[in-house]
Amino acid sequence: MKHLLKLLDLSEKEILDLLNLADQLKYEKKHGIAHKRLEGKTLGMIFEKSSTRTRVSFEVGMYELGGQALFLSSRDLQIGRGEPIEDTARVLSRYLDGIMIRTFKQSDVEDLAAYGSIPIINGLTDFAHPCQVLADLMTVREFKGLLKGLKVCFIGDGNNMANSLIVGCLKVGMSFSIACPKDYRPDESVLDFAKGYGDKFVMTNDIALAAKDADVLITDVWASMGQEDEKRIREKAFSGYQINKDVLSYAKSDAIVLHCLPAHREEEITAEVFEAHASEIFEEAENRIHAQKAVMVRLMENA
Ligand code: CP
Ligand code: NVA
């Protein structure tokens with residue numbers, strides 16, 4: 001593994017190796033065992049969109065690994081004034097040991113990797129959010145003790161989270177159902193990938209069917225970053241695509257609920273369900289730091 005651009009690029013074995021390392025790093029942190037495995041290394045963090053979790057967890061994670069992180073807002077970088085990704089990649093490769101980038105186009109992340117010579121980590125694009133899904137898988141395994149054979153149900157927009165969850169969950173042997181409006185389906189490349197998993201993947205607009213016997217229920221905002229202008233139309237399209245008490249009643253009685261955050265209460269999830277499952281949701285948020293430290297160690301330790 002040279003980069004983390006999208007989960008489609010990783011094998012099941014690579015995903016499980018990252019989850020195992022993340023568990024180990026979490027254990028070490030909880031027991032005060034230092035793991036300065038990236039001493040002297042620097043991660044650049046390019047942000048073209050807002051962030052709370054991604055920024056703080058990468059920055060603190062890098063510090064805990066003995067390295068340092070640089071916050072690079074696209075508002076201040078020459079990228080924001082049109083300097084090509086190809087040039088930015090070649091320049092930053094000479095200063096840094098790795099780059100985490102949060103941006104709009106997946107192709108910008110792929111180009112950064114193609115033109116640069118250091119590991120690139122996707123910190124969210126319109127297409128994918130692989131770091132979040134590694135943390136989600138880690139959280140599911142923590143609460144359920146295993147991954148294989150579980151049923152995950154996603155309710156809402158076929159967005160970056162849905163795309164990455166479908167790929168990550170199917171790769172590690174879970175079945176996946178998504179309830180989404182017909183005009184808001186996941187990316188075609190992801191649906192093509194999912195076809196290979198037969199009836200382990202279901203896409204429907206029947207929320208009860210999607211949630212039936214689920215072990216894990218997940219949702220995300222109706223309007224993602226960059227879609228602020230569509231807020232009104234989306235509120236109409238997604239009305240009813242919500243995790244609430246009714247939806248939970250279709251799932252297994254011990255189902256957990258995840259949300260990558262930020263959450264919009266009474267839109268994609270009710271405040272009642274959110275608070276009842278806060279222990280899972282905030283463990284999921286914490287696991288971002290452990291999962292990302294695992295990614296950085298694997299990509300940067302011997303690079
Ligand atoms: N879940 C997530 O990526 O959060 P931020 O947008 O705060 O980084
Ligand atoms: N789908 C959301 C995820 C935020 C972490 C967005 O892209 O804004």
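Note that ligands are numbered from 1 as they come in the structure, with each ligand's atoms numbered from 1 the same way.
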Distance filter under 4.0 Å to His129 heavy atoms, resulting ligand 1 atoms: 2 (C), 3 (O)
Leu261: numbered ligand 1 atoms lying under 4.0 Å from its heavy atoms: 1 (N), 2 (C), 4 (O)
contact_flag Arg102 ligand 1 heavy-atom lt 4.0 Å: yes
Leu124 heavy atom under 4.0 Å from ligand 1: no
What residue and heavy atom of the protein are closest to [atom], and at what distance?
atom                   : result
atom 4 (O) of ligand 1 : Arg53 NE, 2.8 Å
atom 2 (C) of ligand 1 : Arg288 NH1, 3.2 Å
atom 7 (O) of ligand 1 : Thr52 N, 2.7 Å
atom 8 (O) of ligand 2 : Met225 N, 2.8 Å
atom 3 (C) of ligand 2 : Asp220 OD2, 3.6 Å
atom 7 (O) of ligand 2 : Asn160 ND2, 2.8 Å

Ring geometry between Phe176 and Phe154 (parallel below 30°, tilted from 30 to 60°, perpendicular above 60°): parallel
Parallel, tilted or perpendicular: rings of Tyr197 and Phe193 (30°, 60°): tilted
Check: His129 N/O within less than 3.5 Å of ligand 2 N/O: no
Axial cation check for Phe47 ring with Arg55, 6.0 Å and 45° limits: no
Sub-3.5 Å N/O-N/O distance, Pro262 and ligand 1: no
Candidate list Ile218, Ile166, Leu258, test side-chain contact (heavy atoms from CB on, under 4.5 Å), partner Val152, passing option: Ile218
Verdict with supporting geometry, Glu268 and Gln242, side-chain contact (heavy atoms from CB on, under 4.5 Å): CA-CA 4 Å; Glu268 75 275 4; Gln242 181 190 63; 5.8 Å; no
Close side-chain approach of Asp136 to Gln132, heavy-atom, < 4.5 Å: yes
For [X], counting its heavy atoms only, list the atoms of ligand 2 lying under 4.0 Å from any of them.
X      : answer
Leu124 : 3 (C), 4 (C), 5 (C), 7 (O)
Asn159 : 1 (N)
Leu261 : 5 (C)

Whether Asp111 side chain and Ile85 backbone form a donor-acceptor pair below 3.5 Å: no
Side-chain (Lys2) to main-chain (Ile120) donor-acceptor, under 3.5 angstrom: no
Polar side chain donor-acceptor pair, Thr139 to Asn287, under 3.5 angstrom: yes
Reported CG-to-CE distance for the pair Asn159 and Met225, which is rounded to 0.5 angstrom: 10.0 Å
